[in-house]
Protein chains: 2
Amino acid sequence: MSGSRARTRQAIVEAAIDLLGRNPAASLGDIAAAAEVGRTTLHRYFTDRADLLRAVSAEASARLERATAQARMADGTGASAVRRLCQEYFDLGTVLSIIFNESLLSADQGWSGAGGCDPAFVAMVERGHRDGTIDPELPVDWVQSLIWSQLYAGWAYRAETGASRHDVLRLVLRTVDGAIAPRPA
Amino acid sequence: MSGSRARTRQAIVEAAIDLLGRNPAASLGDIAAAAEVGRTTLHRYFTDRADLLRAVSAEASARLERATAQARMADGTGASAVRRLCQEYFDLGTVLSIIFNESLLSADQGWSGAGGCDPAFVAMVERGHRDGTIDPELPVDWVQSLIWSQLYAGWAYRAETGASRHDVLRLVLRTVDGAIAPRPA
DNA sequence: CTTGATTGGAACATCGATGTTCCATTCCGG
DNA sequence: CCGGAATGGAACATCGATGTTCCAATCAAG
């Protein structure tokens with residue numbers, strides 16, 4: 001039945017996001033095991049490893065886009081929008097790693113990772129430059145790189161230290177705020 | 001002759017640091033090619049892949065230690081010492097990735113990556129907490145994670161944008177300074 | 001020049017990951 | 001209950017990375 005197929009497929013994609021986020025070289029066998037399906041079943045849904053990767057990438061992009069929309073980058077001061085964006089991205093977890101690694105391989109998406117293309121993001125940071133809430137010395141690209149690296153660092157920090165979600169989010173926001181703040185000097 | 005052997009060995013280790021830093025799954029064949037030696041020769045110097053990894057790890061640790069000593073973490077204010085440390089680490093390049101990935105696998109070294117053990121580092125940050133140059137709300141572990149992530153981000157940023165060493169170092173230092181500065185509020 | 005050291009290449013066996021095929025079992029709606 | 005859909009496991013072929021062996025070519029010092 002079609003409902004069952006959809007559920008199985010989703011379970012595989014989710015297991016793949018989890019494992020591939022931690023280790024991009026995870027084997028299909030491990031992914032199948034994590035999804036609690038046979039390796040045969042996995043191949044029944046995704047002919048190739050590449051096929052699975054495409055599905056994972058699509059799911060990750062969808063989640064990223066949802067979080068992005070949620071952040072309303074066009075509202076408020078530049079810095080407050082950056083803060084909201086960090087909050088929304090924070091819970092993406094291993095999806096961040098997926099997007100991050102993916103951007104190094106296929107420069108297909110109009111977004112993220114590499115050349116910092118997303119016009120809404122550029123607009124947000126440049127607005128911050130003008131309204132005095134983001135250090136004008138920091139290029140847009142750099143701010144993007146800063147956000148990604150801090151979100152990743154926060155995720156890793158949490159995994160290492162076992163700190164609470166709330167505490168780590170607090171640290172990330174405080175750090176990013178301080179980093180992008182214009183200098184008094 | 002012994003001089004030749006040492007030179008060949010060093011060339012292999014250096015090529016390995018370069019390739020493995022970019023891609024931890026690089027094949028021995030690629031590494032041999034990058035070192036401009038035959039794969040046979042590589043195996044003559046390092047029986048295992050594990051054997052080569054040990055040598056790479058040792059070399060990376062040595063370079064890291066040299067840079068650490070150079071930074072004189074005990075001198076000056078906490079923040080100024082952090083700044084010096086970033087400067088010294090900045091040129092380590094792919095060595096940073098090696099150390100970073102390594103720390104996730106083998107928690108043997110008394111240093112770096114994971115639990116932030118190095119007593120000199122702890123002393124430096126706590127000094128900064130006391131002398132008012134480092135935000136006391138940021139745990140020592142977090143400052144360490146911040147430094148690593150920014151150095152890595154800086155390296156990646158440079159590779160992506162082609163910005164000059166000097167400009168990227170400037171961005172890294174400015175960002176870390178701002179991030180660890182105590183908040184006026 | 002001669003000799004031992006060093007190297008590169010070819011061939012081979014092994015191993016794990018991958019992808020495919022086939023069959024038995026289980027699940028679920030009609 | 002029945003029949004098709006969905007699943008899991010076993011077996012097999014393939015492929016790339018790895019590690020080993022052997023031999024010919026080259027280098028470098030005496």
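Chain naming here is simple, since letters A, B, ... match the order of the sequence lines and numbering starts at 1 in each.
- One can place CZ of B:Arg49 at 17 Å from P of D:dG16, the figure rounded to the nearest angstrom.
- Comparing C:dT20, D:dG19, D:dG8 by their closest approach to the side chain of A:Thr41 singles out D:dG8.
- Distance A:Arg9 CZ to D:dA6 P: 14 Å, rounded to the nearest Å.
- Using cut-offs of 30° and 60° for the angle between ring planes, the B:Trp142 and A:Tyr157 rings count as perpendicular.
- Here the side chains of B:Gln150 and A:Ser149 are in contact, with some heavy-atom distance below 4.5 Å.
- A:Phe46 comes within 4.0 angstrom of nothing in the nucleic acid, heavy atoms only.
- The distance from atom OH of A:Tyr45 to atom P of D:dA6 is 7 Å, rounded to the nearest whole Å.
- Considering CG of A:Leu92 and CD1 of A:Ile99, their distance stands at 8.0 Å, rounded to 0.5 Å.
- When side chains are defined from C-beta on, A:Tyr45 does not count as touching A:Asp51, because their heavy atoms never get closer than 4.5 Å.
- If B:Ala50 and B:Arg44 are placed on DNA chain D by their nearest nucleotide, the residue sitting closer to the 5' end is B:Ala50.
- Sequence order on DNA chain C of the closest nucleotides to B:Thr8 and A:Asp30 puts B:Thr8 first from the 5' end.
- Against DNA chain D, the stretch residues 11-19 of chain B makes no heavy-atom approach under 4.0 Å.
- Under the 4.5 Å side-chain criterion, counting only non-hydrogen atoms from C-beta, B:Cys86 is in contact with B:Ile147.
- The nearest whole Å value for the distance from the NE2 atom in B:His43 to the P atom in D:dT20 is 7 Å.
- Atoms CG (A:Leu42) and P (D:dG9) sit 13 Å apart, rounded to a whole Å.
- Between the CZ atom of B:Arg7 and the C1' atom of D:dA28 there is a distance of 11 Å, given to the nearest Å.
- Heavy atoms of other residues, nucleotides or ligands lying less than 6.0 angstrom from CD of A:Glu36 number 12 at most.
- Rounded to whole angstrom, the span from the CG atom of A:Leu28 across to the P atom of C:dT18 amounts to 4 Å.
- Remark: C1' of D:dC27 and CZ of B:Arg5 are 15 Å apart, rounded to the nearest angstrom.
- A donor-acceptor contact under 3.5 Å is not formed by the side chain of A:Arg39 with the base of D:dG8.
- Using a 4.0 Å heavy-atom distance criterion, A:Thr40 is classed as a base contact.
- More than 12 heavy atoms of other shown residues, nucleotides or ligands fall within 6.0 angstrom of atom CZ in A:Arg174.
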